[in-house]
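Okay, structure first, notes after.
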Amino acid sequence: MWWSRHTLLSCLNRGSLQSRVDVVASKLLFFSGPIPKEGYRSITNEVPSLHDTPRPVFGKKIVKVALVGRPNVGKSTLINQVVGRTTCPVSMKAHTTRAKVKAFVNEGDTQIVFFDTPGLVSPQEISKYKFESEFLRSAEEAIQEADVIGVVHDASFTKIPELDPLTLRLLLLYQRKGSFLVLNKVDALKRKHNLLNLVTALTRKPKSHIVGSDKLTEQQVVGYLKNTTSWPHFSEVFMISALNGDGVGDIKEFLLNEAQPGRWLVKQNKVTNPDKLAIDFVKAACLDFLQDEIPYTLTFKLNYFEDYEDKCAIEVSVMTKNKRHYRMTMDKVRPIAAYAESHLASALEKECRLRIQITTKDTDE
C-alpha cells in the first residue's frame with residue numbers, strides 16, 4: 001500500500017471527514033468538567049469511522065457483489081486476490097471470462113459472494129467476434145442477483161477519462177443498488193498525481209440531472225448517455241493493483257461491512273461448478289499459449305470429471321478449426337495442460353490430473 005493512495009482518498013472523503021470533526025468539536029464544546037485521564041482519545045473514539053456499521057452479535061451475514069467492467073480490466077484477478085486462491089481463470093488476453101462465475105469467501109460470520117462477469121461488449125462486437133450469448137446477459141443477470149455493484153476501471157488508460165457507456169447503462173438501469181468504483185492497475189501509472197484528476201472525472205455530476213427511478217426505460221437511458229460520462233453515486237472509490245494485491249484488503253473490509261443478516265449460499269469456501277471451471281481453465285491456458293485468433297476458434301467439451309475426496313481426474317477435448325490449428329495446438333498441449341491442471345488444483349484445493357485430447361474437424365488424426 002502506498003502513501004499517496006491515502007492522501008487522495010482523504011481528499012475525496014473530506015465531506016464525510018468534516019462531519020466527524022464537527023461531532024468531536026461539539027462534544028468538546030459542551031463537555032463539562034476536567035478532561036478525563038484518557039485525554040481527547042476517549043471522546044474521539046465515540047465517533048464512528050467512515051466504514052464502521054453496527055454488526056449483529058450472532059447469526060450469519062452475506063453480501064453478493066457483481067463486478068462489471070470492460071474486458072481485461074482485472075475483475076477475475078481482483079476476485080482471486082480477495083478469495084486468496086485462483087477461483088476465476090485469468091490470462092493476458094481479453095475475454096477470458098465467458099460467462100457468469102461465482103466465487104465465495106467466508107470471514108468469521110460473514111460470506112462474500114462474487115459474480116465475475118464477462119467484459120462488457122456491445123451487440124455489434126458479439127456479432128463481429130461470434131461471442132456466446134452469455135456475453136450480453138451475464139452482467140445484467142449478476143446485477144439483478146447482487147446486493148452491490150462493483151465497477152472495475154483500468155486506471156492505466158487515462159487518454160479517455162470517462163466511464164464506458166456500457167457500464168453507465170447498467171448503473172442507470174440499476175441505480176437503486178449501491179455501487180463502488182475500483183481503479184485497478186495503478187501500479188502501471190508513472191504519474192500518481194493524475195489519479196485525483198481521474199477520480200474527479202469519473203465521479204463528477206453529469207450535465208443533465210438524472211431523475212431517480214426504480215426502473216428507467218432503455219429509451220430514457222439512451223437519452224442520458226448522450227450527456228453522461230461519469231457517475232456521482234459511488235459510495236466508495238478504491239485505488240488498487242489487483243496483480244500484486246495492493247489495496248485489495250480495503251475492498252474486502254468494505255464488503256464485510258456491507259453484509260446484511262442472511263443465509264449463506266454455501267457452508268464452506270468451495271467451488272460450486274468444478275466441471276465447468278475445468279473447461280474455463282483450459283480455455284484460459286489456450287488464450288495464453290496459442291497465437292492470434294486460434295484460441296477464439298476452438299471448441300471445448302468435457303469428456304469426464306471424476307471427483308473424489310482428495311483428488312480428481314478430468315479429460316477435456318479441444319477441437320480445432322483446421323489442420324494448421326491442430327498442429328499448432330498439439331505443439332502447446334503440454335504447457336496448456338500443466339497450466340490448467342495447476343490452477344484447477346489451486347481452486348479445488350486437491351490433487352488434479354488433467355488430460356487434454358486434441359481433435360480437428362478436417363482429419364481423424
Side-chain angles (χ1 to χ4, degrees), residues 1-13 65-83 86 88-98 101 103 114 116-122 125 129 135 139 149-171 179-204 225 228-232 234-252 254-255 284 287-288 292 295-296:
M1 195 174 296
W2 41 284
W3 66 269
S4 58
R5 180 175 172 278
H6 291 290
T7 304
L8 290 168
L9 284 178
S10 64
C11 293
L12 293 170
N13 289 321
V65 189
L67 289 185
V68 299
R70 288 291 284 173
N72 217 29
V73 295
K75 300 183 293 295
S76 299
T77 304
L78 170 57
I79 292 175
N80 290 337
Q81 285 283 6
V82 176
V83 174
T86 303
C88 300
V90 296
S91 78
M92 297 299 293
K93 295 181 182 178
H95 306 304
T96 305
T97 304
R98 315 288 285 191
V101 177
F114 286 104
D116 186 19
T117 62
L120 297 176
V121 293
S122 66
E125 290 174 296
Y129 298 106
F135 269 82
I149 306 169
V151 175
V152 185
H153 185 86
D154 186 349
S156 66
F157 187 71
T158 58
K159 293 183 179 180
I160 306 177
E162 59 186 38
L163 291 174
D164 182 76
L166 296 172
T167 302
L168 282 168
R169 171 186 171 272
L170 294 174
L171 291 171
S179 60
F180 61 95
L181 175 64
V182 178
L183 297 180
N184 191 24
K185 306 184 183 180
V186 297
D187 53 314
L189 284 176
K190 294 181 179 179
R191 299 178 180 178
K192 298 295 191 291
H193 65 271
N194 288 337
L195 277 172
L196 185 57
N197 295 331
L198 178 61
V199 173
T200 301
L202 299 181
T203 61
R204 64 185 172 215
L225 289 178
T228 304
T229 60
S230 58
W231 188 251
F234 291 120
S235 60
E236 292 288 347
V237 178
F238 299 95
M239 304 173 193
I240 72 164
S241 170
L243 187 62
N244 58 37
D246 188 18
V248 172
D250 292 339
I251 298 178
K252 183 176 181 180
F254 165 73
L255 293 174
L287 284 169
D288 273 349
D292 304 324
Y296 302 102

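Heavy-atom basis, side chains included; hydrogens, waters and symmetry copies ignored. Along the sequence shown, residues are numbered consecutively beginning with 1.
Remark: side-chain polar atoms of Lys185 are not paired, donor with acceptor, to backbone N or O of His153 under 3.5 angstrom. A donor-acceptor pair under 3.5 Å is absent between the side-chain atoms of Ser156 and the main chain of Leu189, judged by distance alone. Checked by atom type and distance alone, the side chain of Glu236 never pairs as donor or acceptor with a backbone atom of Phe180 at under 3.5 Å. In this structure a side-chain-to-backbone donor-acceptor pair under 3.5 Å is missing from Asn184 to Val152. Side-chain atoms of Asp246 never come within 3.5 Å of backbone atoms of Ser241 as a donor-acceptor pair (strictly under, hydrogens ignored).
Contact detail for Val186 and Met239: the closest heavy-atom pair is CG1-CB, 4.1 Å. Between Leu287 and Pro295 the shortest heavy-atom distance is CD2-CB, 3.6 Å. Listed here is the closest heavy atom pair of Leu225 and Arg169: CD2-N, 4.1 Å. Here the closest non-hydrogen pair linking Ala242 and Thr77 is O-CG2, 3.5 Å. Arg70 and Lys75 make their closest contact through O-NZ, 3.2 Å (heavy atoms, listed as atom of the first residue, atom of the second, distance).
The side chain to side chain donor-acceptor pair (under 3.5 Å) search around Asn197 returns none, not counting sequence neighbours. When the side-chain contact (heavy atoms from CB on, under 4.5 Å) test is applied to Thr229, the partners found at least two apart in sequence or on another chain are Glu162, Arg204.
For the pair Leu202/Leu183, a side-chain contact is recorded, criterion being any heavy-atom separation below 4.5 Å from C-beta on. In this structure, the side chains of Val151 and Leu171 come closer than 4.5 Å at one or more pairs of heavy atoms. The closest side-chain heavy-atom distance from Phe114 to Leu255 is below 4.5 Å.
Distance check, rounded to the nearest 0.5 Å: CZ of Phe238 to CG of Leu78 gives 10.5 Å. If you take CG on Leu181 and OG on Ser230, they are separated by 11.0 Å, rounding to the nearest 0.5 Å.
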Would Leu170 and Ile149 count as a side-chain contact (heavy atoms from CB on, under 4.5 Å) here? Give the steps. CA-CA 9 Å; Leu170 294 174; Ile149 306 169; over 6 Å; no

